[in-house]
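What you see is a predicted model, and the numbers here were worked out from it, not measured in a lab.
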Amino acid sequence: MCGIVGYIGGKKAAPILLDGLKKLEYRGYDSAGIAVRDGEKKPTIIKAEGKLQVLSEKTADGESVKGTCGIGHTRWATHGEPSKINAHPHHTDDDSVVGVHNGIIENYKELREKLLRHDYKFYSETDTEVAIKLIDYYYKKYDMGPIDALAKTMVRIRGSYALVVMFADYPGEIFVARKESPMILGLGEGENFIASDVPAILKYTRKVQYIGNLEMGRVTAEGVTFFDLNGDEIEKPVSTIEWDAEAAEKGGYEHFMMKEIHEQPKVVEDTIRSFITGEEGAYKVNFTESGLTEEDIKKCSGVHIVACGSAYHVGVSTQYVFEDLARIPVRVELASEFRYRKPILGKDDLVIIISQSGETADSLAALRESKEQGVKTLAIVNVVGSSIAREADFVCYTLAGPEIAVATTKAYSTQLIVGYLLAIQFARVLDKLDDEQVNNYIDDLLTIPGKIQKVIDDKERLQWFAAKYANAKDVFFIGRGIDYAICLEGSLKMKEISYVHSEAYAAGELKHGTISLIEDGVLVIGVATQSALYEKTISNMVEVKSRGAYLMGLTSYGSYDLEDTANFTVYVPKVDEHFATSVAIIPLQLLGYYLAVARGLDVDKPRNLAKSVTVE
């Protein structure tokens with residue numbers, strides 16, 4: 001869960017490396033480092049503990065470092081505490097091999113013992129140093145070239161990795177290797193780039209090549225050559241990134257998270273329109289580009305939605321909609337638990353994997369487990385060409401654009417849209433909805449962007465409320481049905497960026513133990529958008545208020561009697577109740593954001609978290 005950047009060409013490398021790392025700091029920010037080569041000289045290696053700004057100041061934004069070939073890394077610690085010594089790049093004692101790494105080497109202790117027996121010494125606690133010195137061992141002991149040494153190392157390593165390595169004997173080249181962890185190669189004119197994610201290179205090129213699983217590459221200023229594990233050359237197509245480079249910049253907002261909250265009306269509408277055809281009054285849902293056919297849907301006997309974090313909460317919301325509209329059994333599962341419980345999947349089931357990055361390690365493992373059992377898989381991802389997108393049988397792309405803040409907002413909202421549309425399409429194909437009903441649902445979906453905008457325009461009330469509760473120690477969210485799914489995501493938004501302990505409970509479960517946590521002054525947020533469950537939720541809110549809780553209510557326009565119970569009420573525009581999550585989540589995103597700001601925290605880079613979780 002680290003950021004990697006590499007550059008080789010005719011320009012000064014260090015400023016480009018630092019600029020790329022800045023775009024990837026959401027992937028890791030406890031230390032950073034660069035290694036730059038000036039011709040045939042040994043590389044200059046500079047590291048710093050803490051935020052990337054420390055490294056930038058140390059190198060005058062890279063201007064003090066000579067050389068046109070280099071690699072850089074921003075770290076999120078897995079092996080070894082955050083420190084200058086444990087920071088990447090790592091190197092051999094003679095600097096003959098220098099490299100950076102994203103991922104986890106699972107058998108690094110075993111490999112370390114092997115290398116100690118061959119007189120290697122270690123200065124850090126990292127698995128990366130072990131990998132670099134193992135490459136050096138094969139390179140020198142067997143007099144191998146870089147590609148053969150990398151291939152030999154890949155066979156011995158267990159785990160996931162994206163490796164970028166420079167060899168002293170090859171001053172005009174950078175070598176890469178990949179297993180499961182993300183990496184792309186950017187192509188320029190007389191220069192080429194390496195990165196673990198698209199934003200790092202958008203400023204310089206839109207032409208990219210994707211290195212596949214268990215593949216290697218040799219990068220020079222003139223081009224990129226790819227190799228399989230046998231060392232044989234393989235051809236790769238060139239793809240074009242469609243993202244707008246400005247989408248990866250703050251654009252005048254104080255934080256990326258607030259910018260991304262404001263982008264939701266547009267990206268939600270873009271995503272809706274990417275899956276519908278026809279004109280107003282005669283809309284239809286179309287999943288042709290995903291590869292999912294009506295015949296596939298007719299064969300489907302059940303759906304499993306597998307995801308992590310916020311994407312899992314998308315699955316919880318989608319389950320309610322899917323089962324109600326399509327009347328097909330749906331099970332939602334945490335990807336980190338999926339394969340370990342040895343899932344029983346029917347041969348005609350469909351497994352839906354939801355991941356913003358398309359590289360989430362647990363979700364990718366769940367996809368592979370499903371495919372091993374011969375079950376069809378569908379990916380809902382935001383990144384074209386990502387591992388999950390490439391390996392799934394069907395792919396539905398969200399059009400959220402680059403999302404930089406660690407706490408997801410717009411990617412979550414676009415994933416919800418795809419979930420709704422899949423539910424509608426299944427319901428139509430399975431004869432649970434007719435064309436008129438489908439059109440009515442799509443008409444309602446198309447009102448969501450404007451309704452999201454209305455909530456955003458009224459954000460000042462939430463800012464005031466967050467300031468009032470900035471010192472909160474515990475917050476509880478309660479709701480029923482889809483409202484419970486909304487609570488799950490609202491609670492996560494609060495805890496991950498404001499560090500306030502918060503929990504979400506199905507409101508009906510309060511009396512089974514959790515109501516014992518309620519005491520005077522504790523903030524309880526009750527979500528009540530579902531009319532069939534409204535009175536029951538109000539009853540639960542009364543229960544906690546009678547035990548001293550301070551109540552914030554969240555409901556739709558028109559349900560003004562909630563003010564008789566809640567101390568503070570937030571209203572959102574009405575939408576078909578199946579789609580309530582899309583509108584009701586916005587105030588909770590804003591509340592989490594303003595609470596973090598009021599507490600003086602780094603909203604975009606919350607402690608201990610990284611954007612793309614590419615390790616288990």
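- Side-chain contact between F579 and I417: absent, with no pair of heavy atoms (C-beta onward) separated by less than 4.5 Å.
- Residue K284 places its NZ atom among 12 or fewer non-hydrogen atoms of other residues, nucleotides or ligands, all under 6.0 Å distant.
- For the pair D270 and L399, the tightest heavy-atom approach, listed with the atom from each and the gap, is O-CD1, 3.5 Å.
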How far apart are the C-alpha atoms of D474 and S502, what are their side-chain angles, what is the distance that settles it, and do they pass the side-chain hydrogen bond (donor to acceptor under 3.5 Å, both in side chains) test? CA-CA 6 Å; D474 299 284; S502 67; over 6 Å; no
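- When only modelled atom types and interatomic distance are considered, Q264 and E260 share no side-chain donor-acceptor pair under 3.5 Å.
- For the pair D604 (side chain) and F256 (backbone), a donor-acceptor distance under 3.5 Å is present.
- Within 6.0 Å of atom NZ in K179, more than 12 heavy atoms from other residues, nucleotides or ligands are found, so the atom counts as buried in its surroundings.
- Judged by distance alone, with hydrogens and angles left aside, the side-chain atoms of S317 form no donor-acceptor pair with the main-chain N or O of T581 at under 3.5 Å.
- Counting only distance, with no hydrogens or angles, the side chain of E403 and the backbone of K410 share a donor-acceptor pair below 3.5 Å.
- Expressed to the nearest 0.5 Å, how far CD of Q415 lies from OH of Y312 amounts to 14.5 Å.
- Taken from CD1 in I585 to CD1 in I452, the straight-line distance is 10.5 Å, to the nearest 0.5 Å.
- The backbone N or O of C300 sits nowhere less than 3.5 Å from a side-chain atom of D348 that would complete a donor-acceptor pair.
- No more than 12 heavy-atom neighbours from other residues, nucleotides or ligands sit within 6.0 angstrom of CD on E289.
- A donor-acceptor contact shorter than 3.5 Å is absent between the side chain of K371 and the backbone of T377.
- In this structure, the side chain of R178 engages the main chain of S181 through a donor-acceptor pair within 3.5 Å.
- With hydrogens and angles left out, the side-chain atoms of N540 and R480 include a donor and acceptor closer than 3.5 Å.
- A tilted orientation is assigned to the rings of F287 and F275, their planes being inclined by 30° to 60°.
- A donor and an acceptor atom, one from each side chain of S582 and Y420, are located under 3.5 Å apart.
- Residues M494 and L591 meet the side-chain proximity criterion, which asks for heavy atoms closer than 4.5 Å.
- A donor and an acceptor atom, one from each side chain of Y320 and H578, are nowhere located under 3.5 Å apart.
- Counting heavy atoms from C-beta on, the side chains of L588 and I586 never come closer than 4.5 Å.
- Heavy atoms from other residues, nucleotides or ligands lying under 6.0 Å from NZ of K376 number 12 at most.
- Between K493 and S310, the side chains place a donor N or O and an acceptor N or O closer than 3.5 Å (distance only, hydrogens not considered).
- For the atom pair CD1 of I352 and CD of Q319, the computed distance is 11.0 Å after rounding to the nearest 0.5 Å.
- Heavy-atom minimum distance, D444 versus D576: OD2-N, 2.8 Å.
- In this structure a side-chain-to-backbone donor-acceptor pair under 3.5 Å is present from E323 to V330.
- Side chain to side chain, T414 and N382 fail the donor-acceptor criterion of an N or O pair below 3.5 Å.
- T529 and D483 share a side-chain donor-acceptor pair at under 3.5 Å.
- Between S370 and F338, the closest heavy-atom pair is OG-CE2, 3.6 Å.
- Between the side chain of H73 and the backbone N or O of H101 there is at least one donor-acceptor pair closer than 3.5 Å.
- Judged by distance alone, the side chains of E503 and S491 never bring a donor and an acceptor atom under 3.5 Å apart.
- Under the salt bridge (Lys or Arg N to Asp or Glu O under 4.0 Å) criterion, D296 pairs with no residue, sequence neighbours left out.
- Between S196 and G3, the shortest heavy-atom distance links the atoms OG-CA, 3.5 Å.
- Here the side chain of T360 pairs no donor or acceptor atom with the backbone of D362 at under 3.5 angstrom.
- Nearest heavy-atom pair across I424 and L433 is O-CD1, 4.2 Å.
- No side-chain donor-acceptor contact under 3.5 Å links S498 to the backbone of A596.
- Taken to the nearest 0.5 Å, the CE atom of M552 stands 16.0 Å off from the CZ atom of F476.
- Within the 4.5 Å cutoff, no side-chain heavy atoms of L185 are placed close to those of V208.
- A side-chain donor-acceptor contact under 3.5 Å links E359 and S387.
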